[in-house]
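Below is one structure, written out as structure tokens; comments come after it.
Letters go in sequence order (proteins before strands), and every chain restarts at 1.
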Amino acid sequence: MQNTTTLRKTVIWVAILALIAIFIYTLLDVGTSGATVSDRINTFTTRFLGIFIEAVPFLLLGSFFSGLIEVYIRREDLLRMLPKNPLLATMSGAMMGFVFPACECGVVPVTRRLFTKGLPMSVGIAFLLAAPVMNPIVLASTVIAFGWGEIVVFRFVITAFVAVSVGMLFAFAARPHETLLPVSFAPVRGGNFDIKLPEQNQGFGANFYRALRVGSDEFFEMGRFLIIGSLLAAWMQTRVSQGDLLNIGSGAFVSVLVMQALAFVLSLCSTVDAFVALSFLNTFSTGSLVAFLTFGPMVDIKSAMMFSGVFKKKIVAYLVIVPFLMTLLIGLWINIWVMR
Amino acid sequence: MLNNLKKIPAREWAKIIILLGMGVYLAYTILSENLGNYINNTRFVWLTWLAGGMFFAFGLVTLWSNLRPQAPALPIEVASLMPKGWSVMAICAIPLALGFLIPSRPLGVESLTGTLSTNVSVSDTMVITRDPLKRNILDWLRAFSREADKTRFDGVEAEFSGFIYRNPEFEAGQFMVGRFIVSCCTADADPVGLPVYSLEADELADGQWVVVRGKFYADEFRGAITPILRVETLEAIEQPKNSYLYP
């Protein structure tokens, strides 16, 4: 048993190191392009730091908000306010991101916490899928990137529609014990969720301090995904010419698939993916950009892995496949019928 | 309390150094005017100041909570894919390492993966009122894209700056003067350029920054009739501090 675990760890590390080696080799392989290795490093660094510096304020704000929620909001009170009608409750679940602003990294533990408090499945699923987009920070970053217009409207309306639809699927077709892992039922042990806070620490200053403390930990939790995503995005932009992208990006169907795959692989934080999508504005179809901006925040590599810490495997598969198919069809519909 | 300094675990030190280091790096980047190499700093410098301030706040709070270990620290246990520990610190230190070790440089001709575009998006309501001699490459491309009759610009005098870009298919004496348009950050950098004709420039290297002055004449370029600048004076210049154009 011990041996298999060690072997698995070794295999994972060898694979990670091999990927890093391929990443660096392909980055520095200048071929016949006429650029030098140092040019490549400079271009890559400039592109990476550009994405990172533009994105990191939003990540920090998200981390800090998450700390404020932890300190100030009692989730029990919020549950009492939920409507009794399942559809209305699910719709309000999709809107809850405006109260709990969280990107896709932060939303998973919040949802799990809400499940342990008895939140209905459908409401939790709608929140899980919608909150990474349906929140004030992402609204602001999308508007800053694209300006008020069809992209912003599509992004928010489609996310709400898909999240509520998938949520309602669970309202009718699933019971908690069939979908959730046992750990999501019982109060989570060992995490901060069990910790009773000392009474004397309830002043404004102490609360603010604790919010910052939680926020700084959140930065390390989520920042690494942002950094890896930015590295991959910068690598893509340094290696792949716009012309090549244009060739793939022109098909109504294939372009949507390509952008969905990109969203899944890049695993960008939803607070910043608008800026990355902006770089594809002139090369990719509107439907594919909308698919990127709606599917990516709901499901990507890192969130799918995090789902498996909450839900049973079959449910994780549904949560990946249903939003994928829905955003694919909607992207196609936009490409063929809405935009020209 | 300061005795506790020695008791802070190495990994907590790493967190503190990364957070404060990021704050220092962002402040340094703004103050050294290098921010313009990365983002549209006319629009977003305030966001970078905000991020720098928050990094300092997070760093100081992490330091403080380690100096007073009895205070309730609240680590949020987010389900994570990676082993918590040094690999996380290593990843989070990447921006600092690249930011401090690699000299800051804007995107240039060597960063191009394709060619320079002569197409820019322009809204119908946009009015280009700037004095022709003060217009930059973006202003001219916008003016051209709104005018069906390209010969309308014949004989108009212009002066603009950018980097030299050549392509094997260009004739002798022909090149383009290019700039990157950046609306948010380098992720959306869009290289554009104006075709230019000057035998003088043949001795200048690709990527060299120049100020050109001359008159436009419509001629064929890449299979379309386009105003081409016939250069009268050409001056090699240092690359400016803010080298991108902001739409």
- Task: For each of Ile18(B), Leu107(B), Thr48(B), Thr62(B), tally heavy-atom pairs with chain A at distances under 4.5 Å, and name the one with the top tally.
- Result: Leu107(B)

- Task: Can you tell which part of Leu61(A) gets under 4.5 Å to a heavy atom of chain B, answering side chain, backbone, both or neither?
- Result: both

- Given that the side chain runs from C-beta out, which part of Leu50(B) has a heavy atom under 4.5 Å from chain A: side chain, backbone, both or neither? side chain

- Message: Could you tell me if the side chain of Phe44(A) sits less than 4.5 Å from the side chain of Ile102(B), heavy atoms only?
- Response: no

- Task: Give a yes or no on whether the backbone of Thr45(A) and the side-chain of Arg105(B) come within a donor-acceptor separation of less than 3.5 Å.
- Result: no

- Under 4.5 Å between any side-chain heavy atoms of Val61(B) and Phe208(A), yes or no? no

- Task: Would you please test Glu54(A) and Leu47(B) for side chain to side chain contact (heavy atoms under 4.5 Å, CB included) and show each step?
- Result: CA-CA 8 Å; Glu54(A) 184 70 45; Leu47(B) 267 177; 4.3 Å; yes

- Pairwise side-chain contact, Pro57(A) with Phe44(B), heavy-atom cut-off 4.5 Å (strictly under): no

- Message: What I'd like to find out is whether the side chain of Phe48(A) reaches to under 4.5 Å of the side chain of Thr186(B), using heavy atoms alone.
- Response: no

- Note on the structure: Note: vs chain A, highest number of non-hydrogen pairs under 4.5 angstrom among Pro95(B), Cys92(B), Ser111(B), Cys185(B) is Pro95(B)

- Kindly indicate, with the supporting measurements, whether the criterion side chain to side chain contact (heavy atoms under 4.5 Å, CB included) is fulfilled by Val56(A) and Phe55(B). CA-CA 10 Å; Val56(A) 81; Phe55(B) 272 125; 3.7 Å; yes

- Task: Please look at Ile16(A) and chain B and tell me whether the side chain, the backbone, both or neither of the residue comes under 4.5 angstrom of a heavy atom of that chain.
- Result: neither

- Query: In terms of heavy-atom contacts, does CZ of Phe221(B) have more than 12 from other residues, nucleotides or ligands at under 6.0 Å?
  - Reply: yes

- Please flag which part of Leu60(B) lies under 4.5 Å from any non-hydrogen atom of chain A: side chain, backbone, both or neither. neither

- Do Phe58(B) and Arg213(A) have side chains that get closer than 4.5 Å, going by heavy atoms? no

- Task: Please flag which part of Phe220(A) lies under 4.5 Å from any non-hydrogen atom of chain B: side chain, backbone, both or neither.
- Result: both

- Side chain, backbone, both or neither of Thr238(A) within contact of chain B (heavy atoms, under 4.5 Å): backbone

- So which part of Ile227(A) gets closer than 4.5 Å to some heavy atom of chain B, the side chain, the backbone, both or neither? side chain

